[in-house]
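Have a look at the structure below, then the notes.
Along the sequence shown, residues are numbered consecutively beginning with 1.
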Amino acid sequence: MVIRNARFVPHHRPASAAALLAATALVLAGCTVPTAEGVDGRTGENFQVREPSGPTLVLDSSDPAELALTASQAFFHASPVAVLAPADDADARATAAATGAAVTAPVLLTDGGVSDTNVVAELERLGADTVVVVGDEEAVAEVGDATGEAEVVRFDPGALSAAAEAAASAGRGDGDDKKRNPAKVEMPTADRLDQADVDGLRAEIPDVADPELLQEILVVVDPKLGHEAAIGTALAAGAVPVEIPGGNIATSPETVDTIRTLNPLGVVGIGSGFGSADDLGWQVTVATSGKTLPNGTLRLFPGRYVSTSYAVPAGVADPAADAARAVDAAELNGDTLGGAPLVTVVASVRSSSPGEDGDYIEEQPLELITPAVDAIRDAGQLVLLDIAPGNQPLAAQLDDLEPLLTKPGVGLSVHPEFRMAGNGAETGAVPVAELQAVVDRLAEIATAQGLPQVMLEVHQSTSASVVDRADLRIPPQVAVVFTAAAPSEGQATADGVWADVAGDIPAHTFLGWSAPSEVPADPTSIMPTEPLLGLVSAG
C-alpha cells in the first residue's frame, strides 16, 4: 500500500499531541480507508485489518473489557493470534496492550463486563487459533474457558519492562501524581517490552509475514486506566496514536494546525472525552478547512470576551474605515474589563411601522455592514450581528444574514424580551423552540461551511423571556451566552436581574453581563464573580 501523505508519522511511533491529532481530518471529507490484508506465513490464513466505520468513530465504554472488545471489532476483520489478559490487573493490561502492538494482534480482556462466551465468540470471529495469555501459570488457569479451543501460549516477561512498570505505577497514582491525574497512564507502545522477550514470543506463535496495516489512520487518545487494551489493538492495526489531554482537540492551536498539515485518511477517538462521533467529526472538518477563531482555536470557551456596540451610520462613505472606532473601543474595553475584544454590529432595529415585510423590523443593508464586519475581523476581533425581533420568529432574519454568518468569528445577538406577539409567541417572550431554531440553524451553517464555534448571545432582563429555557439543547458548534440586562450605575445587579438570569441556565451555556454606561475605575467592584462571566457587554 502506498502512503499518500509522506509527512505522516510512522506507525507505532507516538507523535506529539498535535501530530497525532492530524489524522482526524480527511475522514470527514468522505474519504474511505481500504482494508489492508496480509497472509499468515505458516497457515495461509487471511490477516485483515479494518478501516473505521463512518467518517469518524468514538469508542467510549467505561468498562475496560467491553472497550477492548469493541476495539477488536472496529480494527480487525481477522487475525490468527489474539492477546488475552485479566481486566482487573493494570500491569497485565499494560503488558498485553504493548504485546498486541508488538506482534500485530488484537487485545481482549477477561473478568470484566464481557463474558467468557463473548470473548470466545470474538476469537472465533477473528479466526484466532492461538491466544497469548499474559501472566504466570496462575493467570493462565484463571483465564480458563475464555480461550475456547485456541492454542494457549503464555507470555510472562517476568514483570513489565522498566518503562511499563513506571507507567503502570503512574496510572495507579502515588502522592502528588495521584492528585494531578490518578487515571493517567503511559501509551502502551511496543517499545515498552524488552525486545528479547518479544522475539521469544514470536518464535512460539504463527508468523504473520509482513502484514499490511492501516495507513494514515489516526487514533486520538486521552490515556487512562482501562484504555490500555483498546489502544494496544489500535496500534496493532497500524493506527498512529496522538495523546490529547482531556480529549478536547479544539482548544489547542498547535493541534488544529497539525490536523490541517497532516491531512489523514481516518480518525478514531478512544475515551468518552471526545464526545460523540459527530462532535469529533466537526472538529476535524473545521481543522481541515483552515477556518479558525482569531486565536487559532475552534472553541470560544473557556475565556472571556468584552464587546462594544457599533451601528454603521447612514450615509457613511467608508464603513470599513468608520468601523475602526469600534475596534479601538472594543480593545480599550477589553483592557479595562479583562477579556478579548468583540464588536456587536447592529444588523436590524425595531420599527414603529410594519414596513413592506409587515415585521416591524428595519434591516441594515448588507452592502453597508459587510465592509464593517470585514474590517473588524481583519483587526483580529470577533463580531456579533445584533438583530431586533419583530412579530416574526427570531430565526427569520438569518437567511438575509447568512453571507456574513458563513465567515469565521461572526456570531449573533438576539433579544427575546422585545419580541412582539405573533407566530406562536406572546409579547416579551419566546417559546424555547423558537430559540432552538436559531441554535440549530447556526449549527447547520457551521457544519456546512466548516466553521469554528459560533457565538449566540441571548439578552435577557428576566429568564422568563425564554419559556422553558432549561430545555434548550446545545450542539458543539454553537456557544450560547445568556447576558443579563444592564445594571444601574454603580450596582452589580438591577432589581435582581443578575440573580434571575444567572440562575439555572441550560447545560453547556455561559453567562454574560451588561456593564453600566459609566464603568468605575475598578470595574471588579461591580462585576459579578459567581458564576464566571463569559461575556461582558460594555456598549
Side-chain angles (χ1 to χ4, degrees), residues 299-309 330 333-334 336-342 344 382 384 386-389 394 411-419 425-439 442 453-520 522-539:
R299 288 190 190 276
L300 290 157
F301 297 98
R304 175 184 292 173
Y305 301 89
V306 179
S307 71
T308 191
S309 296
N333 285 341
T336 302
L337 296 166
L342 180 155
T344 300
L382 298 175
L384 290 181
D386 187 274
I387 61 173
L394 295 175
L412 196 68
S413 183
V414 298
H415 302 260
E417 66 269 29
F418 296 144
R419 176 76 155 84
E426 302 292 334
T427 299
V430 301
V432 70
E434 187 168 311
L435 184 60
Q436 187 71 58
V438 177
V439 173
L442 292 177
Q453 199 170 46
V454 179
M455 186 183 297
L456 172 61
E457 181 186 23
V458 184
H459 287 271
Q460 290 195 281
S461 57
T462 169
S463 61
S465 63
V466 178
V467 181
D468 295 326
R469 186 180 69 164
D471 294 337
L472 191 68
R473 303 182 311 279
I474 311 298
Q477 297 91 332
V478 182
V480 177
V481 180
F482 288 97
T483 296
S488 301
E489 184 175 340
Q491 293 182 331
T493 61
D495 300 324
V497 168
W498 169 254
D500 178 28
V501 173
D504 296 325
I505 60 173
H508 311 299
T509 62
F510 305 90
L511 281 170
W513 175 73
S514 291
S517 56
E518 294 293 331
V519 179
D522 179 14
T524 59
S525 63
I526 65 167
M527 287 176 64
T529 57
E530 293 290 340
L532 294 175
L533 286 174
L535 173 66
V536 178
S537 180

- Query: Which heavy atom in A485 sits nearest to a heavy atom in V497, and how many Å separate them?
  - Reply: N-CG1, 3.7 Å
- Note on the structure: Closest heavy-atom pair, S413 versus D386, reported as atoms and distance to 0.1 Å, is OG-OD2, 3.4 Å
- Query: Got a donor-acceptor contact below 3.5 angstrom from the E434 side chain to the L394 backbone?
  - Reply: yes
- Task: Keeping the roles fixed (side chain from Q436, backbone from R473), state whether a donor-acceptor pair exists under 3.5 Å.
- Result: yes
- Message: Please verify the inter-ring angle class for F301 with Y305; under 30° counts as parallel, over 60° as perpendicular, anything in between as tilted.
- Response: perpendicular
- Side-chain heavy atoms of L435 within contact of L456, under 4.5 Å: yes
- Message: Applying side-chain contact (heavy atoms from CB on, under 4.5 Å) to S537 and E457, what does each step give before you reach the verdict?
- Response: CA-CA 10 Å; S537 180; E457 181 186 23; 4.3 Å; yes
- Message: Tell me the closest heavy-atom pair linking A429 and A464, and the distance in Å.
- Response: CB-O, 3.8 Å
- What's the shortest heavy-atom distance between V439 and P475, and which atoms? CG1-CD, 3.4 Å
- Task: Quick one: do L535 and F510 satisfy side-chain contact (heavy atoms from CB on, under 4.5 Å)? Show the steps, please.
- Result: CA-CA 8 Å; L535 173 66; F510 305 90; over 6 Å; no
- Side-chain donor or acceptor of Q453 paired with backbone N/O of L300 under 3.5 Å: yes
- Item | Contact summary for V306 and G338, nearest pair of heavy atoms | CG2-C, 4.2 Å
- Query: Atom NE2 in H415, atom NE2 in H459: separation rounded to 0.5 Å?
  - Reply: 4.0 Å
- Message: Using the rule given for side-chain contact (heavy atoms from CB on, under 4.5 Å), can you reason through V414 versus I387, listing the C-alpha separation, both sets of side-chain angles and the distance that settles it, and then say yes or no?
- Response: CA-CA 6 Å; V414 298; I387 61 173; 3.9 Å; yes
- Message: Walk me through whether L472 and V466 qualify under side-chain contact (heavy atoms from CB on, under 4.5 Å).
- Response: CA-CA 10 Å; L472 191 68; V466 178; over 6 Å; no
- So do the side chains of N333 and P341 get within less than 4.5 Å of each other, counting heavy atoms only? no
- If we only count heavy atoms from C-beta on, is the M455 to L342 side-chain gap below 4.5 Å? yes
- Could you tell me whether the side chain of T509 reaches within less than 4.5 Å of the side chain of V458, counting heavy atoms only? no
- Looking only at heavy atoms, the pair that brings L533 and P528 closest together is CD1-O, 3.7 Å
- Query: Within the side chain of Q460, is there an N or O that forms a donor-acceptor pair under 3.5 Å with the backbone of S463?
  - Reply: yes
- Query: Is the closest side-chain heavy-atom distance between T483 and S514 below 4.5 Å?
  - Reply: yes
- Query: Does I505 reach the side chain of R469, with side-chain heavy atoms less than 4.5 Å apart?
  - Reply: yes
